[in-house]
Structures are given as structure tokens and as C-alpha cells.
Novice: 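The structure follows.
Only heavy atoms go into these numbers, but all of them, side chains included; no hydrogens, no water, no symmetry mates. Here the structure is a predicted model, which means the values were calculated and not measured.
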Protein chains: 2
Amino acid sequence: MTITMPAPRESILDAAERLFARQGYAGTTIKQIGGDAGVNSALLYYYFADKEALYREVLTRLISGLAAEGKRRMRGARDPREAIRALVEGQVEMLLARPHLPKLLVRELVDHQAMHAQGIITEHMAGLFSAVCDLIRAGQRAGIFRTELEPRYAAISTIAQVVYFFLARPAIGLLMGQGPAVPPDETMREFGRHAAGFALAALAAHPNEAAPIDTGNP
Amino acid sequence: MTITMPAPRESILDAAERLFARQGYAGTTIKQIGGDAGVNSALLYYYFADKEALYREVLTRLISGLAAEGKRRMRGARDPREAIRALVEGQVEMLLARPHLPKLLVRELVDHQAMHAQGIITEHMAGLFSAVCDLIRAGQRAGIFRTELEPRYAAISTIAQVVYFFLARPAIGLLMGQGPAVPPDETMREFGRHAAGFALAALAAHPNEAAPIDTGNP
DNA sequence: GTCTATAGGTGGATAGAC
DNA sequence: GTCTATCCACCTATAGAC
């Protein structure tokens, strides 16, 4: 029986993704990545020009397809309400499937002067963001959503909840009085259902048309 | 006329705060901080034990009094609705007054394994968070807020909006189609007013005062 | 392709003059 | 208190053997 050896290029990218997310760009060393990937650190320079090229590659691999997936999830819905719910709950699934994404994205935002991946992010994200705005505008035209809301602000309020929850994930247990353990995936989904309901209630023009609220509490 | 020389200890803390927020802990060097503060880098070791002690000092200086101010702002209000509005709009003022706070806080969250200031943050923030939860519970008991909402989740949704907006501030201009310029303070306040209204609409038991309570199950 | 060895530079921290 | 000079560890990146 032989153990299948993973392609070194992929092992390097995997290790780099993990470490950059955990420790940041400056806090991660080439030797650490090599060690974690099970290869000699000099090999990284065979596959990538330098540390920053590797970092950019990590980000593009992670982000590409993300915005596309987000839009696809919204497209399936029949009306704006359903689309909002699909969007918010989809956020949770996408972030669960890419555990390092929120940290890396936020580091990029916060390090914006470094801007290792300026273009990559803004290109992909701006598209998704304006799709959410259009969705809210459509709901407003249909009389389902309140027209007093500025669509772009409402889009931000809607998106913020899940992102914030994932960011704060390590601290959430402490805040919610459940000890230092990191909340399990099911808690993240439960919050996603709450967040969708919260946004829909805030958007709703008429209370009775608000989608059912799932508190997540059995 | 003599120019008042700032106390070097304060200059060092100011420069460190700026640089740690911009570049992160690992990305900032002692020599950079010294240079930015206008003193020799060796002097940092006269005032602070080491780099990490300096970092902790920066965080405590920034955070101390923050939770207290948050609670004070809420206490002035007469009912839960007013308190929520005071809280959210107060968030904006507090973050405007401490421009480096959001970045530093999020870095801490994201670097939680490093946890330079674990205690400092969780102690201060957990208190504020549970005050928000109590506020929402009070509104629910008074029949003003929907009881289907899990108070802790609702607190997170309420708080998330402004924090996210500040974090994304450098990218907000691009997302909102207003070019690369960083949004002015007035835009931040405008969003604060929106966010308070968004949260209140989501929390409200009967938006029209006369409307029956939505059971959430059509 | 993958490794060893190492160059060249920089970072945190200290010793000690003034 | 504040500076100069410097040590040592470690980091990125390259040269070159296999």
C-alpha cells in the first residue's frame, strides 16, 4: 500500500493558506510554510516567484468562484425575499466551506495600504455587492421592501451580520456565556437563519408579509 | 517662543498605535515606531519592557473606558427603543473618536491565537455585550420587541452593522460607486442613523403600533 | 524537482557613554 | 533620560549539487 503523495504545489498553497490566515502575512515565515507542507523551504521558490506572489496565489485561489457562487445562489430564488434568505444562509455555507476566507479577507481590508490583492478582491466583491443592491431595489419596486431604506446601506446591514459572526467566532462562545469553545458549524447555520429573518423583518414594507422568523431555538 | 515637546512616552504610544493599526503587530518594527515618534528606537526599552508590553499598553489605553462610555450612552435613554438608537449611533461616535480602534480590535480577534490582549478585550467587551442583551430582553418583556428573536443573536446583528461599515470603510467608496476616496465622517454618521433604524425595524413587535404581533408562521 | 548550504539583510534587544 | 554601537537570532532569497 502506498500513500498518495499530494502535489507539492498544492500542499504549499494549503499550508500557506492556513498559516497566512492564522498569523497574517508578516507573521508567517517561508520556513514555517515549507515545514507545514512537508517540503524544503527552498522549494517554494521553485513554484512561486517570492513570498508575495505565493500570498496572491492563495487569495486568488480562495476568492475566485466565490462571487459567482453567491450570485448563483441568489438566482435560484423566485422573489426578493427568498433571494435574501438564500443569500444570507448561503453566506454561512460558503464561509463554512472556506474556513480561512473570512480571516484572510478581513486582513486584506485592514491592511489595505499593503493591498496585496487589491484588484482581486474589489473586482469580485463589487459585483456581488451590486447584485444585492439590485435585489433590494427590485423588492422596493415590487412594494415588498420599505422604500425609505437606502438600498446600498441596507445591503451592507444585511451582509454584515454573518461576516461579523464568523470573525468573532472564537470570541462568540465567551460572549454568549458558553465558555471558550469555538461554536460548532450548526451554531453558525442557526445564526444564519436568524440573520436572514432579522434582515427580512427590517426590510419588510408590511409586517404580515415578513418571512417567517427562525430564531434557531428548538 | 518654544515649541512644546510632547512627552516621549506618549509620542511612542501614539506612533505605535498608528503603526500597529496600519501594519499589524508582526508587520511593525521597533525602529519604525522610534522613527515615527521622533526618538531613538533604543528608548522604547527604557519605557516599555519589550515590544509586546508596548502593544498591550496601546490596547489598554485605547479600550479602557470604552465599555463604560457605551453603557453610559445607553443609560440616558428612556425606553429600549431609544437605548438601541443611542447605542448604535454612539458606536459611530466612539469609533470616529478612536480611528485606530476597529482595526486593532479586529486584528486581535483574527490573531486570537496570539492573543496579545486576550483579557483586556473580553473583559471590557463581554460587559457591554451583555448590557445590550439585557436591553433587548427588557424590550421583549415590555412587548415592544419581538419575542421570537434570540436576544444574543439580535444583539450581534445590531452591533455588527456599524463595526462592519468601519472595517470596510476604505473599500466602501468603491463598493458604493463613489471612487476610491475614504468616506467622510458625515457618511459614517448617516450610516449610523440607517443602522439604528434597520435594527429597530427588525426588532419591532408591531411597526404600526396597531398591527397585530406577527406570529412568524403564516 | 528537490535538496543543502549560505549569502545578505533586518529584527528585537542590550551595554554603556553622556 | 537619551543616544551610539552592536550582538545574535532569524528571515528572504539564491547558488548549486544531486
Novice: Is the shortest side-chain heavy-atom distance between A/E69 and A/M94 below 4.5 Å?
Specialist: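 Sidechains of A/M94 and A/E69: in contact.
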
Novice: According to side-chain contact (heavy atoms from CB on, under 4.5 Å), who are the partners of A/A155, at least two apart in sequence or on a separate chain?
Specialist: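 For A/A155, the residues satisfying side-chain contact (heavy atoms from CB on, under 4.5 Å) (neighbours in sequence not counted) are A/F129, A/V132, A/C133, A/I136.
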
Novice: Using the ring centroid of each side chain, check whether A/Y55 and A/Y25 are separated by less than 6.0 Å.
Specialist: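 Under 6.0 Å, so yes.
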
Novice: Using a strict heavy-atom distance below 4.0 Å, which residues from residues 10-18 of chain A are in contact with DNA chain D?
Specialist: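 None - not one residue of the stretch has a heavy atom sitting under 4.0 Å from the strand.
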
Novice: Strictly under 4.0 angstrom, non-hydrogen atoms only: write out the protein contact profile of nucleotides 3-18 of chain D, one letter per nucleotide from the 5' end, B, S or -.
Specialist: SB------SBBB----

Novice: Kindly give the heavy-atom pair with the smallest separation between A/P102 and A/L167, and that separation in Å.
Specialist: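 It is O-CD2, 4.3 Å.
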
Novice: Taking all non-hydrogen atoms of both residues into account, name the closest pair between B/V162 and B/G192 and its distance.
Specialist: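 Looking at all heavy atoms of both residues, the shortest contact is CG2-CA, 4.5 Å.
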
Novice: Taking Watson-Crick (N1-N3 plus N6-O4 or O6-N4) and G-U wobble (N1-O2, O6-N3), each under 3.5 Å, can you produce the dot-bracket string of DNA chain D? Use [ ] for crossing pairs and | for inter-strand ones.
Specialist: ||||||||||||||||||

Novice: Looking only at the side chains, is there a donor atom on one of B/Y153 and A/E190 sitting less than 3.5 Å from an acceptor on the other?
Specialist: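 Judged by distance alone, the side chains do pair up.
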
Novice: So, for A/Q91 and A/I159, which heavy atoms are closest and what is the spacing to 0.1 Å?
Specialist: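 Scanning both residues completely, I find the closest heavy atoms to be NE2-O, 3.2 Å.
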
Novice: What's the shortest heavy-atom distance between B/F165 and A/I156, and which atoms?
Specialist: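 So the minimum-distance heavy-atom pair works out to CE1-CD1, 3.5 Å.
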
Novice: Between B/Y47 (OH) and C/dA13 (P), how many Å, whole number?
Specialist: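 That distance rounds to 18 Å.
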
Novice: Excluding sequence neighbours, so at least two apart, what forms side-chain contact (heavy atoms from CB on, under 4.5 Å) with A/A202?
Specialist: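 By the side-chain contact (heavy atoms from CB on, under 4.5 Å) rule, A/A202 matches B/F198, B/A201, B/A202.
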
Novice: Less than 4.0 angstrom between a side-chain N/O of B/Y46 and OP1 or OP2 of D/dG1, yes or no?
Specialist: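 B/Y46 to D/dG1 OP1/OP2: side-chain N or O found under 4.0 Å.
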
Novice: Run the side-chain donor-acceptor check on residues 172-187 of chain A: report pairs under 3.5 Å with partners two or more places apart or on a different chain.
Specialist:
from, atom 1, to, atom 2, distance (Å)
A/D185, OD1, A/R169, NH2, 3.0
A/E186, OE2, A/R193, NH2, 3.1

